[in-house]
Q: 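Let me begin by handing over the structure; questions about it come next.
Labels below follow one simple rule: chain letters A, B, ... track the order of the sequence lines, proteins then strands, and each chain is numbered from 1.
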Protein chains: 2
Amino acid sequence: MTTLSEADHTPPRCKPQHFSSECPSRVLIDQIADKWSMMVLAVLDSGPLRFNVIKKQLEGVTQKALTQCLRRLERNGLVSRQVIADAPVAVQYEITPLGRTLQPPFRALYAWTIAKMPEVELARQAFDERRGR
Amino acid sequence: MTTLSEADHTPPRCKPQHFSSECPSRVLIDQIADKWSMMVLAVLDSGPLRFNVIKKQLEGVTQKALTQCLRRLERNGLVSRQVIADAPVAVQYEITPLGRTLQPPFRALYAWTIAKMPEVELARQAFDERRGR
DNA sequence: CCGTATCCTAAAGGATACTG
DNA sequence: CAGTATCCTTTAGGATACGG
């Protein structure tokens, strides 16, 4: 991956303006670009939650999809998983310190979404009209 | 979608801590969560480019995938498309003013990626070891 | 050069049933 | 409760060929 602004850093093993498939940042984009990850992290931001509580807050997510998402977040060190051996079993998911560092960038992205959504909606309508739906 | 921090805004038509499928921000997340969109916007950040130039800089993207991605970006008003009627035809893609406003949030996300990649890599190795590959 | 159309394969995603 | 396993359907994605 290249820079968004040249001064920011030195991209490891990446030529300027070329997104090689081995570029480390590509790996992370694949994670961030997941359908549910951002929402899971947002939900966990207020504190640890149990599986079904998370599930209830993400309308449309299936158990399978949420499990996969949580596993990947756990694997990447963004979320921790703790089994509480009661009967019936409880499992707590908690955002890690590393996961918390994602909060500022995500917050910026979220603010953008809220601020620009109306403009995007207008652009869509214009586009769809331009090409007879 | 809910807030990442309660003070930021008032989410339109969304209950606190609940990501409804009709919530406008979900629509945007679906766009941002696209595999190539962020890279396309990063590549276009330096100026307008032609289709095949963009394609060359995104290793592994197919013509079909890139076309789809650019159409969606155009539809959402983040990128503009201009046909230059030479022979053979040339098509220029350019980031729009609206698209440019995404730059700061993306830059923050990108900086995070570069900064935290090593930690993520360590977390992965630990996870994979915990569960016998 | 910049697509669209078609075909085909691979992967994602839902539904259901079952287990510690 | 929190998964895993299985099946099956749907969708995404690559490859190829062709058209404006």
Q: Can you check the A:K35 NZ to D:dT10 C1' distance for me, whole Å?
A: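 In whole Å, D:dT10 C1' lies 13 Å from A:K35 NZ.
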
Q: More 5' along DNA chain C: A:W36 or A:V89, using each one's nearest nucleotide?
A: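 The residue whose closest nucleotide sits nearer the 5' end is A:W36.
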
Q: Could you tell me whether the side chain of B:Y93 reaches within less than 4.5 Å of the side chain of B:V40, counting heavy atoms only?
A: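 Side chain of B:V40 against side chain of B:Y93, heavy atoms only: no contact under 4.5 Å found.
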
Q: Any idea which of C:dA17, C:dC1, D:dG13 is nearest the A:Q63 side chain?
A: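 From the listed options, C:dA17 comes nearest.
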
Q: Checking contacts here: which listed nucleotide (C:dG3, D:dA2, D:dG3) is nearest the side-chain heavy atoms of B:Y93?
A: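 For the B:Y93 side chain, the nearest candidate turns out to be C:dG3.
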
Q: Taking only side-chain N and O atoms of B:T62, does any of them lie within less than 4.0 angstrom of OP1 or OP2 on D:dG14?
A: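 So the side-chain polar atoms of B:T62 do come within 4.0 Å of the phosphate oxygens OP1 or OP2 of D:dG14, strictly under.
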
Q: Measure the distance from CZ on B:R72 to P on C:dG3 and round it to the nearest whole Å.
A: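 Between P of C:dG3 and CZ of B:R72: 16 Å.
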
Q: Using a cut-off of strictly less than 4.0 Å, decide whether B:R81 has a side-chain nitrogen or oxygen near OP1 or OP2 of C:dG3.
A: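 The answer is yes; a side-chain N or O of B:R81 sits under 4.0 Å from OP1 or OP2.
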
Q: Between A:K64 and B:K64, which is nearer to the 5' end of DNA chain D once each is assigned its nearest nucleotide?
A: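 Going by which nucleotide is closer to the 5' end, it is A:K64.
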
Q: Rounded to the nearest Å, what distance is computed from the CG atom of residue B:L58 to the P atom of nucleotide D:dG13?
A: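 Taking atom P of D:dG13 as the reference, CG of B:L58 is at 14 Å.
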
Q: In whole angstrom, what separates B:I54's CD1 from C:dC1's P?
A: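 That distance rounds to 14 Å.
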
Q: Could you tell me which non-hydrogen atom of A:P105 sits nearest to which non-hydrogen atom of B:W112, and how far apart they are?
A: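 Closest pair (atom of A:P105, atom of B:W112, distance): CG-CB, 4.1 Å.
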
Q: Nearest to the side chain of A:N52, heavy atoms from C-beta on, is which of D:dG20, D:dA2, D:dG3?
A: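 Output: D:dA2.
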
Q: Any side-chain heavy-atom pair from A:D45 and A:R100 closer than 4.5 angstrom?
A: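 Yes - at least one pair of side-chain heavy atoms lies under 4.5 Å apart.
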
Q: Round to a whole Å and report the spacing from CD1 of A:I84 to P of D:dA2.
A: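 In whole Å, D:dA2 P and A:I84 CD1 are 9 Å from each other.
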
Q: How close or far is atom C1' of C:dC2 from atom CD of B:Q68, stated in whole angstroms?
A: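 Going from CD in B:Q68 over to C1' in C:dC2 covers 15 Å.
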
Q: Using only side-chain N and O atoms of B:R50, determine if any of them is under 4.0 Å from OP1 or OP2 of C:dC1.
A: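 No, B:R50 has no side-chain N/O under 4.0 Å of OP1/OP2 on C:dC1.
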
Q: What is the distance from CZ of B:R71 to C1' of C:dT4, rounded to the nearest Å?
A: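 Atom CZ in B:R71 sits about 10 Å away from atom C1' in C:dT4.
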
Q: Could you check which of D:dT4, C:dT4, D:dG20 has an atom nearest any side-chain atom of B:T67?
A: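 From the listed options, C:dT4 comes nearest.
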
Q: Look at the side chain of B:S37 and the backbone N and O of B:D34, then say whether any donor-acceptor pair between them is shorter than 3.5 Å.
A: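 No, B:S37 side chain to B:D34 backbone: no donor-acceptor pair under 3.5 Å.
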
Q: Taking NZ from A:K55 and C1' from D:dC1, how many angstroms apart are they, rounded to a whole number?
A: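 Between C1' of D:dC1 and NZ of A:K55: 12 Å.
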
Q: For A:V61 and B:A90, find the nucleotide of DNA chain C closest to each by heavy atoms; which residue's nucleotide sits nearer the 5' end?
A: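 Whichever sits nearer the 5' end wins; that is B:A90.
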
Q: Of all heavy-atom pairs between A:V53 and A:L49, which one has the smallest distance, and what is that distance?
A: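 So the minimum-distance heavy-atom pair works out to CG1-CD2, 3.9 Å.
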
